[in-house]
Amino acid sequence: ATEISLFRFFGGCSDEYANVTDLSKAVGECGIIQVLANKFNAENKDGIVVKTQSVEWGVYYDRLSANVAGRTPPDIAVMHRSVLPNYQVRGLVEPLGKHFATVGVDVADFVPVAREGVSANGEIWALPFDLHSLLWHVNADLFVKAGLVDEKGQPKLPGSPEELLRHAETMKARTGKAYLAIPSQADPMPTWQYLSWVWQQGGNIVDAEKREALLESKESREALRLLNVLYAAGHANRKHDYTAAQQAFLSGEAAVLINGTWGVDVYAAQARNPNSALKNYVVRDMPNLYGKEAVWSDSHIWVLPKQSKPDAAKLKAALTFLKFLNDHNFHWARTGHLPVRASVLASAEMRALPHRSEYTRTATIATGLPPIQYQRALMDLLINELNSTWLINKPQDKALANSQRAASSILRRSRRR
Amino acid sequence: MNRTFGDRLILVLVIGAAFVWMMPMLWVLSLSLRPNEELVRSTAGILPWPKTLEHFATLLRVSLTPRWLLNSVIVAFGMTALTLLLSSLAGYAFARIDFPGRRAVFLLVMAGLMIPEQAILVPLHAMLADWEMHNTYFSLIAPRLAGPMGVFLMTQFFKAVPRELEEAAELDNASRLKIFWSVMLPLSRPALTTLGIFTFLFAWNDFLWPVVTATQPEMYTLSVGLGSLQGNFAMSEGLGFLMASAVFASAPMVILYVVFQRYIVQGITLTSGK
Amino acid sequence: MREPAMTVTSVQDAGSRPHGLARYRDALSGYAFLAPFLAFYAVFLLYPFGLGLWMSLHDWEIVGDYREFIGLLNYQELWDDPYFWEALKRTLQFAAITAPAATVLGLVLALALNGPLRLHGALRAVFFASNIFSVTVVTLVWSMVLNPDRGLIANGMRAVGLEPIAFLADQDWAMPALVVTTLWWVAGFPMALFLAGLQQIPPEVYEAARLDNASRWAVLRRITLPALARTTLLVVVLQTVMHLQVFGQPLLMTRGGPANSTRPLVQLIYETSFRDWRSGYASTVSVVLFVMMFCVALLQFRLSRQEGD
Amino acid sequence: MADVLLRDVRKRYGAQEVIHGVSLELKHREFIVFVGPSGCGKSTLLRMIAGLEQISDGEILIGGRRVNDTPPGDRGVAMVFQNYALYPHMTAADNMSFGLRNIGTPRAEIEERVAAAARTLQIEHLLKRRPSEMSGGQRQRIAIGRAIVRRPNVFLFDEPLSNLDAALRVQMRVELVQLHQRLDATSIYVTHDQVEAMTMADRIVVFRDGRIEQVGTPLEVYRTPANTFVAGFIGAPKMNLLETRVTAASTGRVEVALPGGRAELAVDGRALASGASVTFGVRPEHLRRTAGEGVFRGQVKALERLGRETLLHVTGTDGASLIATDTGDSPVRIGDTVALALEPGSGRLFGGNGAALPPAAASAA
Amino acid sequence: MADVLLRDVRKRYGAQEVIHGVSLELKHREFIVFVGPSGCGKSTLLRMIAGLEQISDGEILIGGRRVNDTPPGDRGVAMVFQNYALYPHMTAADNMSFGLRNIGTPRAEIEERVAAAARTLQIEHLLKRRPSEMSGGQRQRIAIGRAIVRRPNVFLFDEPLSNLDAALRVQMRVELVQLHQRLDATSIYVTHDQVEAMTMADRIVVFRDGRIEQVGTPLEVYRTPANTFVAGFIGAPKMNLLETRVTAASTGRVEVALPGGRAELAVDGRALASGASVTFGVRPEHLRRTAGEGVFRGQVKALERLGRETLLHVTGTDGASLIATDTGDSPVRIGDTVALALEPGSGRLFGGNGAALPPAAASAA
Ligand SMILES: Nc1ncnc2c1ncn2[C@@H]1O[C@H](COP(=O)(O)OP(=O)(O)OP(=O)(O)O)[C@@H](O)[C@H]1O
Ligand SMILES: Nc1ncnc2c1ncn2[C@@H]1O[C@H](COP(=O)(O)OP(=O)(O)OP(=O)(O)O)[C@@H](O)[C@H]1O
Ligand SMILES: [Mg+2]
Ligand SMILES: [Mg+2]
């Protein structure tokens, strides 16, 4: 038997799904990937055993780096598309184009945005797995109660910053509930929202060509201002962390939860529970406040880290598993993420999934960070700085100035090579 | 008498403080013995317990905890044994053998006391990466053998051993190695015990270096493994389990502490210098 | 007199002998006994220390093999780096609160528990016991104790009708929460050191004081405290050095947050190197940390020399 | 007037009694020395007088006042400890004035008293130094100075000289006695050194196992030990003690058998039957080699030539062994057989229980 | 045949010389005692003989063989240390056999030798115990046993009794001498206790500052000290030394002035002019209180009643002070004026440099 190691985040649920191989029983990111691995281990004919190592999301990349740096990389690892350049530029991941051809992964079936995300220098470097981005998860009942509905009785979302604030005031006045719930502490969510708004204004935070930071631009200031206005007015609780924000939404204390595609399945399931305070759950694409449609997005992708001692059997086993994952792309999409295979997107079973019709535009307006190195360092620093504007009332200009300076120093290395 | 009244008052106050001091541990112990379903409802109170040992069973059954325990045991014992050996050999040489350059070498070694582990964390990692030695028992143990504290303590101890003993052995035709092995080592049992316990405690609780060098779960020590669980298990679902793992990881230390308390206190007196 | 652990003592007085052949034999056996330790010392301490200095002059990535000599550019950047200054400030803040607090707490406990009763012994054991836990256990326990939903303190606050505080997520509470956690963890150690110091005061001195009509307060102020001066210095230094290296508590309890308010230097080193791959820069921060701690140790050395004999 | 009075004083540690009812009367300005083997309770008793140990039973009066419950500082006593117990971080002057400051003595008076004490002890040049900067003898003087400035009625000394070297000990011994003569106080001095006891005391109190064995002037204790214990404890080389039997006994004289002869002693033998077991004691210096008969014959097993005199270790035919003195240039050699004569009036007789037999009117040989 | 021979042995620590050329011949089976004040180099010399210290200069021969570069274990010497230096973790038997095991002595022989030594020292019942389970005296015996089993030619003792209490010390003193007589070895014994030196030695070697001051039998050293240093060092209470002047000198006799009279001594006074400064020495026991004139008159400043005798501290009118002995029941009181007579033939005279003046044929008073 060939044992290969799989390195991933998505949480640990090996106990809950200890021996489950029935995909229909699996819920959520963790459940589905766990059951996929179980199923593969149970059913593959080559005696391959995939050993999963699940690492907490917050320290995942530290761990991955440490493993790669320590010359003990896993055989397979999940990562975000935005991080790939770091590894690809340094030659730390296997090129996969040729291998995909051998094992029968059809590269042509990938939707273009996904394929481009994993391509560089005319080579494919990873298996794209999904496209995920921000959504507005909506408690329709509260919108009805606040009268924020269109003619069809559907929740009506704002079309400009001013309208957003008006709606939020209305919500507060009519229902006593907060308009927004957003994880604002130790979480990247507000930063992703901020990015979306920067892009909606036609701006950006880095110049990919010149490899320069643009954090003090007027678009950047405006996006940050809007966020802080919302917090200041009490339309979102600045102290919520991920769990608290989610809890506020599920218990009907907030009308909109800003969270990713991965939540759809979970919230839908919650809403079906008769005891739940959230009864009428719907999903919406990120509303366009500034004119240009855009929403932050990223992809989960699978890479085969370069081994210091290449092992053909393991490589083959890893590729077999990648093929298996690609074949089950649909099941991953059940989490709420968008599938990356055109054939899956178009399939009937896909269309049959709940709420999917409610955020069809996301696939087209999804925007990612430009392909530069050190994205993660950049994001971490941005998250910290932005958070501090509402958490400790750091002046917004100062936060952006600090970010600009730090980002420049990070990008320096990127410019050098 | 006034004096004794004051003493009693102080004693009462301290007993109260001790109770508060123990609360967190007792509470955690109690949590670890209650079923998760109950914990979801309420975590208040300490009694009644125990109600269930399921968390401990789970700990041993499905997780890597037994493996981490084994790693911790190997690392702690390995580090302790080797530290004792290296420190006593070197301490003996510094204390008792007159060789050229001794003073200079001793100063060089003692200068190492000034170098904190964090200062060499990064280069050490880079070095072991070059050797492709991460995630091995070697990488968990070897860098910790370089600390001069043990050598310092053993040097101090051997210096205090009456010189006559060694001279008597010399008159008894014993060689250097024989003197070291048959006379000095057995003599230094109290010092070795103390140093051993401290090394063991340190090894068992070590965090920063193992977290950096042990990146594969199979090679985690208990303290690193526990750290990784803290993130992976949301406090909501696996609270009892999480608390059980804390109890589990501390149990050996508590036992060690109870058994060797005398030496630990004695060791502190030793570190404070004599 | 007592010689603190950090002090370098001389080994000059080990006697003299060797003649001719014996001298040669001694040299040989001396180095033979030292060799095993010296090997580890050189390879795992001296060399990495030098390598660290060397790395700080580079753009040096922990992953891959990008290493470029950039002279003192890292140091220059460090000077301009608000994150570094923030972390430095937090580190100093943490040490400046925790070290004196642990010292005072240890002293108070030691004074209260320096009794002959069995009960005193048991209480000493209780206060010292928290010392033996690993940082992961301590942080786990205290994260739970401080948890705003179901923590011990939250339970208590709710019981008396107060709104629980999210200590670790609150800008104003996070640092004090870490300090309290740390005190609970370490205060037993200074206590034990002070107890050792108290044991060394001859009981006759107290008896003499009784004959001299000294009040409790006079005994404490004029006899006990002065006698503990050296121990106090030792404790303060050991604690300061220890808390300048704080890492596990913020990493595991607050991740350095909220809003960077609890990120210490070591965490900065760790993250810069292993998250951002900027090992050269991390080494630069390490060098600064080393210099700081070296200064503290030097200060102690000077003070204990003055205080000495 | 008794300055210190002990009435059936007892001390218990838990269930164990270590002082078994001691009664003693100390006169004003007396110099009393407590001697006894280690662990016999000398220090304990002293510390009870000082107030450092609780009195389990009985009572202690100082200057006529019952002090059982008086705190140490208020008893008018001062103590000099074996290891001096100086306050290590205070200067000598501060050490001496600490007690006075604690009771709020005016500053001027403190200075005057310290200066006076320093003059008496010739330690003026040491006043600014700390204990760690002084020699053992100097520290000892500071400790005494600390006691003096309090102007106590009773001085207590617990083996104050035992940490000093031999020469200094001899010197301090003389100085302490002279000091005592100048001061208006009673002194109680604990020692296990019998030379100190003999040379310093007005009266010696010999203790054993928490009980008083004998109280008397040094010469009384040396000459007429109350029992075999005191006989063996006081004097070096110690008194020879021989188990023997009474051969004849009358009101005023007793005759005992010795290996080599008989000895007649002037003790009251009325209670003794002929043949009763008794112990005959004689000090080595009272046994002299004689050309004639003597009371003891034996072989010299060992010789200790001390220069001024020679100690003969003589073993009799029946195995009894004793020590006699001879001149420094004694011609005796190991293996010689010698006869020993008793100096007139020097033997002592102890009954079966070890207690000395009551003396008769006159002595005989 | 000289068993141990030192030829101009010197010892330097760095630039400092602490043994300044010592030459000494020890005869086979002799018991030699080294005495001298602390720090005079006794231990150093002993350790050089043992091989524990390097010899800076000169040479040492043991049994005729030069051992300067022989390792300690091969010199045929055994040493008993002051603090016994037993291996604390070994039983008594193991302590004794360690050396033999190191040189591969057959097990049967080891056992036999240990048993024999144990019998000699009467420590058979202790063989299984560890040092911590024994009393001081028992440990001392084990240490001696360890030395015996090696059957050395030379026994070295470095203050072996100083850690014992007084009574045990006296007993061990006698036993050690008896042991020496049974064994076929030379013993070198270091002590600073002059009673030990006097009672144990065949010959005493008195050291001062790394030099030999005098070598001789105990009585020679006591009676005819070679100089004022030896005179003051040997004997307790020590010899009275008075600075005085020669009043008349001839070939066979010298007369000196004393406070209270004159004394005539039978020394060779040819080199002395009348009026020359000399030191007159007399031991306390040779000064007796007299009703008549005497050679010394003075006031009694202090009295030490030791029971068997009384020491009188007498100060003359010119401030010179000396000690005389009197009987135990001396009627003298402090403040009395007494006259002291010299016993015939007992005074000693030392020249300006401290060296004793050469004796004439006969002595006089
Ligand atoms: N705190 C205590 N608890 C129990 N027993 C004690 C205590 N202090 C003293 N003793 C016992 O009391 C007895 C008398 O002790 P003390 O110290 O008075 O003897 P000592 O005559 O002064 O002896 P030394 O000459 O050795 O000083 C001893 O048997 C001792 O063991
Ligand atoms: N290792 C050494 N380095 C320098 N000087 C030393 C050393 N060992 C001894 N000395 C000096 O040599 C001299 C003789 O010391 P030694 O120990 O022989 O004296 P001692 O006669 O045995 O004294 P004591 O009676 O105190 O034991 C002393 O002045 C001592 O200071
Ligand atoms: Mg005592
Ligand atoms: Mg010596």
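Below, all heavy atoms of this structure are taken into account, side chains as well, without hydrogens, waters or symmetry copies. Convention: sequence-line order gives letters A, B, ...; per-chain numbering from 1.
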Quick check on the interface: out of [options], who has the most heavy-atom pairs with chain B under 4.5 Å?
options: C:Phe40, C:Tyr31, C:Phe294, C:Phe33; result: C:Phe33
options: C:Leu45, C:Ile132, C:Asn155, C:Val126; result: C:Ile132
options: C:Trp184, C:Tyr270, C:Tyr47, C:Phe290; result: C:Trp184
options: C:Gln245, C:Gln199, C:Met293; result: C:Gln245
options: C:Ala125, C:Gly248, C:Ser279; result: C:Ala125

Does any backbone or side-chain atom of [X] lie under 4.5 Å from a heavy atom of chain B? Answer side chain, backbone, both or neither.
X: C:Leu46; result: side chain
X: C:Trp54; result: neither
X: C:Leu113; result: side chain
X: C:Val285; result: neither
X: C:Phe274; result: side chain
X: C:Leu183; result: backbone
X: C:Leu119; result: side chain
X: C:Leu38; result: side chain
X: C:Val145; result: both
X: C:Ser273; result: side chain
X: C:Ile62; result: side chain

If you tally heavy-atom pairs under 4.5 Å against chain C, which of [options] wins?
options: B:Val211, B:Val109, B:Leu121; value: B:Val109
options: B:Ile10, B:Leu82, B:Val105, B:Ile115; value: B:Ile115
options: B:Leu13, B:Thr83, B:Leu108, B:Leu85; value: B:Leu108
options: B:Leu128, B:Val224, B:Val212, B:Leu222; value: B:Val212
options: B:Ser88, B:Ala249, B:Ser87, B:Ala246; value: B:Ala246
options: B:Phe202, B:Phe180, B:Tyr257; value: B:Tyr257

Heavy-atom proximity to chain C below 4.5 Å, by part of [X]:
X: B:Ala129; answer: neither
X: B:Val28; answer: side chain
X: B:Val258; answer: neither
X: B:Leu31; answer: side chain
X: B:Gln261; answer: side chain

With a 4.5 Å limit on heavy-atom distance, are the side chains of B:Trp27 and C:Met144 in contact? yes

Crowded around B:Phe138 CZ? As in, over 12 foreign heavy atoms under 6.0 Å? yes

Taking atom CH2 of B:Trp131 as the centre, report whether more than 12 heavy atoms of other residues, nucleotides or ligands fall under 6.0 Å from it. yes

Donor-acceptor under 3.5 Å (C:Thr136 side chain, B:Ser223 main chain): yes

Would the distance check show the side chain of C:Tyr41 and the main-chain N or O of B:Pro148 forming a donor-acceptor pair, the cut-off being under 3.5 Å? no

Pairwise distance [atom1]([X]) to [atom2]([Y]) - rounded to 0.5 angstrom:
X: C:Asn131; Y: B:Met253; atom1: CG; atom2: CE; answer: 12.5 Å
X: B:Ile97; Y: C:Leu34; atom1: CD1; atom2: CG; answer: 7.5 Å
X: C:Leu289; Y: B:Glu117; atom1: CG; atom2: CD; answer: 10.5 Å
X: C:Leu251; Y: B:Leu208; atom1: CG; atom2: CG; answer: 9.0 Å
X: C:Phe133; Y: B:Leu201; atom1: CZ; atom2: CG; answer: 11.0 Å
X: C:Leu51; Y: B:His125; atom1: CG; atom2: NE2; answer: 13.0 Å

Let me see the working for B:Leu11 and C:His120 under side-chain contact (heavy atoms from CB on, under 4.5 Å), right down to the final yes or no. CA-CA 8 Å; B:Leu11 204 56; C:His120 287 129; 3.3 Å; yes

Does one side chain, of C:Ser134 or B:Trp204, offer a donor that lies under 3.5 Å from an acceptor on the other? no

Should the pair C:Phe247 and B:Phe207 be assigned to parallel (<30°), tilted (30 to 60°) or perpendicular (>60°) ring geometry? tilted

Does a side-chain N-to-carboxylate-O contact under 4.0 Å join C:Asp26 and B:Arg102? no

